[in-house]
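A short write-up of the structure that comes next.
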Amino acid sequence: MEIRWLGHSAFQIKYENLKVLVDPFISNNPVCPVRVEEVDANVICVTHGHADHFGDTMEIANRTGAVILGNHEHSVYLAKQGFETMGMNIGGTVKTHNTKITMVNSTHSSDMDFIDEIGAGGSSCGYILHMENGRKIYHSGDTGLFGDMKTVIGDIYKPDIALLPIGDRYTMGPFEASIAAEWINPEVLIPMHYNTFPVIEQDGEEFKDRVELKNKDMKVVILEPGQIYKE
Ligand code: NI
Ligand code: MN
């Protein structure tokens with residue numbers, strides 16, 4: 001299994017015949033090392049309608065034929081443009097390419113700001129990917145700290161790998177993310193949504209040291225944009 005960080009909250013996750021892209025913010029992402037034409041996918045998961053997450057979803061889906069997973073409101077919008085979608089909502093699970101994908105809560109907003117007249121985009125969300133190899137990956141999307149990270153994400157879904165924002169300002173900062181880490185208690189934590197722009201600059205290594213000191217069994221993996229975490 002490969003988890004490749006493309007900078008910001010964009011990840012490419014590959015296992016067997018599954019190639020999932022989460023929040024493919026590629027062409028306008030100042031730290032993304034690949035060109036949008038190079039990105040391959042058969043599933044795209046969108047956490048919310050902000051341009052730094054929705055990104056190049058339509059262009060990539062057009063070229064690759066990938067199915068787009070998103071909330072009901074995005075699904076209706078995209079289906080009208082002719083895209084293949086799997087609309088869903090918080091708490092629901094869909095199955096595709098031998099993988100179950102559950103949509104979970106996040107505390108953020110989701111207006112579609114990638115269209116000329118900003119449109120209502122439902123609720124923001126996160127995803128749990130139940131991989132075919134038994135590993136569970138949690139991508140939180142943009143979010144603040146919320147109690148269900150402990151009682152729902154941590155206690156019920158028990159993800160092995162968590163991808164959490166640490167950039168602050170628009171999402172959790174390192175302090176809140178370190179509490180989220182304790183609540184979710186994954187084996188592996190990969191920080192995201194930082195060092196893309198000056199306003200979300202953070203020291204990943206400092207975050208790693210702080211979290212690993214308090215959580216002896218947790219591994220914080222600091223990736224550079226383009227780097228792959230493999231297992
Ligand atoms: Ni956002
Ligand atoms: Mn964002």
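Whatever order the structure lists them in is the order used to number ligands and atoms, beginning at 1.
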| Between CZ on residue Arg63 and CG on residue Asp40, distance to nearest 0.5 Å | 7.0 Å
| Hey, what do you get for CD (Glu59) to CD1 (Ile26), rounding to the nearest 0.5 Å? | 10.0 Å
Atom [atom1] of [X]: over 12 foreign heavy atoms under 6.0 Å:
{"X": "Glu182", "atom1": "CD", "result": "yes"}
{"X": "Arg169", "atom1": "CZ", "result": "no"}
{"X": "Asp217", "atom1": "CG", "result": "no"}
{"X": "Lys136", "atom1": "NZ", "result": "yes"}

| field | Connected via hydrophobic side-chain network under 4.5 Å: Val31 and Met192 | value | no
| Qualifying residue, where the test is side chain to side chain contact (heavy atoms under 4.5 Å, CB included) with Leu163 and the options are Tyr229, Tyr138, Phe11 | Phe11
| said: Return all protein N, O or S atoms below 2.8 Å from the Ni ion (ligand 1), chain by chain in residue order. | reply: His48 NE2, His50 ND1, His108 NE2, Asp142 OD2
| message | Using a cut-off of 2.8 Å, how many protein N, O or S atoms sit around the Mn ion (ligand 2)? | response | 4
| task | Without swapping roles, check the side chain of Tyr77 against the backbone of Gly119 for a donor-acceptor pair under 3.5 Å. | result | no
